[in-house]
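One-based numbering, in listed order, for ligands and for the atoms of each.
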Amino acid sequence: MTAQKDTTEQSDPAKFKLEADGSFKRVDTVFRDFIEKGGRFEPQADRYHLYVSLACPWAHRTLIARKLKGLEDIIPVTIVSPMLGPQGWPFASVDPFPGADVDPLYNSEHIKDLYLKADPEYSARFSVPVLWDKQNHTVVNNESSEIIRIFNSAFNDLLPPEKAALDFYPTDLRSEIDAINEWVYSDINNGVYRAGVANTQSAYEKAVHEVFAALDKVEAILTGKDYLVGDQLTEADVRLYVTAIRFDPVYVGLFKCNIRTIRDGYPAIHKWLQKLYWNNDAFKATTDFEHIKTHYYAALSFINPTKIVPVGPVPHIIPL
Ligand SMILES: N[C@@H](CCC(=O)N[C@@H](CS)C(=O)NCC(=O)O)C(=O)O
């Protein structure tokens, strides 16, 4: 066996790089291709494969979008173990965590093996989600915000009309969706990480106040409304849901986002969250609290060295 190069600078969560002031900045993703007719990546059944962690909020967006559009047969999915470790995300062949899969395509040990197969010189992080092309043995795209747009429209010709007609990024609402996405991303989706991973008091406090100021804004928007934009489910709801569903179980405790909980402090957000979870299976069936809590509390051991996973909140999501 040949010696493998040490890639732990790219894979080990304990080696996350923080900025000089102790704050956390998420690095940009590298593979940014689209699936389109006439392009390098044509829309075809049985050609693409999605790799995800059920724990990861960014990957969770893609699972929801895949199920909302009815793409389950066209794009199979493989789930990694939630135990992100020094070599990154392991498959079940290395860590047989309940609900984790082996890699059906290459029997890889870790997600990083796929990245290095696609590009042996790849030098960024080995993140999920990964949208993989079986034909060219490469990553099409590893940016969840783009993968959900691909799922929204690229396979419409292969779908039954009622699924093809579903549009979660409709033209007339795009500017409003884009505007909400921007601050929801920086202050909520990524804001909780900025609070949780910060290693100075000032970086943490700045981030945590930004998180709650943005939640206050969302609460005002959702008061008397079922969805964030217009009167319909859009990708803006999907993108907020993945953070909101993790908020009370993980971010309040581990990431110290504890000025309020969603269940007790934000009635409109709470009702919106409960309705999505309990009334729409694309949300409930893709939400796995075991993977979520275990990943954050046991695998991010640089924040929680004892790796103890808290029992509560009970229940993880309150019934409607
Ligand atoms: N911009 C990416 C971010 C994905 C991301 O940060 N995923 C995390 C898990 S929540 C990951 O895989 N981290 C592994 C690592 O950085 O080593 C997206 O939205 O798709």
Side-chain angles (χ1 to χ4, degrees), residues 6-18 24-34 50-66 77-91 94-95 100 108-116 118 122-132 139-151 181-182 184-186 188-197 235-236 238-243 245-247 249-251 254-255 286-288 291-303:
D6 179 7
T7 54
T8 53
E9 285 292 331
Q10 289 163 259
S11 58
D12 190 344
K15 296 183 181 174
F16 274 142
K17 297 255 184 332
L18 296 183
F24 167 70
K25 192 162 169 284
R26 192 171 293 277
V27 288
D28 284 342
T29 36
V30 172
F31 294 97
R32 309 293 288 265
D33 280 299
F34 272 77
L50 182 65
Y51 290 95
V52 297
S53 158
L54 298 178
C56 167
W58 320 100
H60 193 175
R61 296 166 165 184
T62 67
L63 281 176
I64 296 169
R66 170 179 171 268
V77 73
T78 292
I79 294 163
V80 296
S81 158
M83 294 302 290
L84 181 72
Q87 301 302 323
W89 294 106
F91 288 100
V94 171
D95 181 20
S108 317
E109 295 187 347
H110 296 90
I111 283 284
K112 79 166 188 183
D113 304 341
L114 296 167
Y115 279 91
L116 296 175
Y122 179 78
S123 61
R125 299 214 56 101
F126 305 115
S127 58
V128 287
V130 173
L131 183 60
W132 184 263
V139 180
V140 180
N141 198 307
N142 67 335
E143 170 51 48
S144 61
S145 57
E146 293 179 354
I147 297 174
I148 66 175
R149 300 246 171 108
I150 292 171
F151 289 177
N181 284 348
E182 197 175 323
V184 164
Y185 170 78
S186 62
I188 300 181
N189 302 138
N190 202 39
V192 293
Y193 279 85
R194 288 192 290 109
V197 177
E235 66 162 49
V238 173
R239 291 170 52 126
L240 178 64
Y241 171 86
V242 297
T243 301
I245 197 70
R246 286 162 177 72
F247 202 86
V250 173
Y251 301 145
L254 186 72
F255 283 179
T286 57
T287 300
D288 186 312
H291 279 233
I292 290 172
K293 287 176 63 176
T294 305
H295 161 66
Y296 281 98
Y297 278 102
L300 296 190
S301 56
F302 64 103
I303 310 179

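Residue Tyr185 does not touch ligand 1, judged by heavy-atom distances below 4.0 Å. Contacts with ligand 1 closer than 4.0 Å are made by heavy atoms of both the backbone and the side chain of Glu143. Of all the heavy atoms of Asn142, the ones lying under 4.0 Å from any atom of ligand 1 belong exclusively to the backbone.
Close approach of ligand 1 to Tyr193 (heavy-atom distance below 4.0 Å) involves ligand atoms 10 (S). Ligand 1 places these atoms under 4.0 Å from at least one heavy atom of Pro57: 10 (S). Here is the list of ligand 1 atoms found below 4.0 Å of a heavy atom in Ser144: 18 (C), 19 (O), 20 (O). Taking every heavy atom of Cys56 and a limit of under 4.0 angstrom, the matching atoms of ligand 1 come to 7 (N), 9 (C), 10 (S).
When each of Thr286, Asp288, Thr243 is checked for a side-chain hydrogen bond (donor to acceptor under 3.5 Å, both in side chains) with His60, only Thr286 meets the rule.
A donor atom on one side chain and an acceptor atom on the other are found under 3.5 Å apart for Thr287 and Tyr241.
Judged purely by atom type and a 3.5 angstrom limit, Arg246 uses its side chain to pair as donor or acceptor with the backbone of Val242. In this structure, Asn142 contributes its side chain and Phe31 its backbone to a donor-acceptor pair below 3.5 Å.
In this structure, Glu109 places its CD atom where only 12 or fewer heavy-atom neighbours from other residues, nucleotides or ligands lie under 6.0 Å away.
With contacts defined as side-chain heavy-atom distances shorter than 4.5 Å, the pair Thr7/Phe126 qualifies.
For a threshold of 3.5 Å applied to N or O pairs, the pair formed by Val128 and ligand 1 contains at least one separation below that value.
Ring-centre distance between Tyr185 and Trp58: below the 6.0 Å cut-off.
Pro129 counts as a contact of ligand 1, since one of its heavy atoms falls under 4.0 Å from the ligand.
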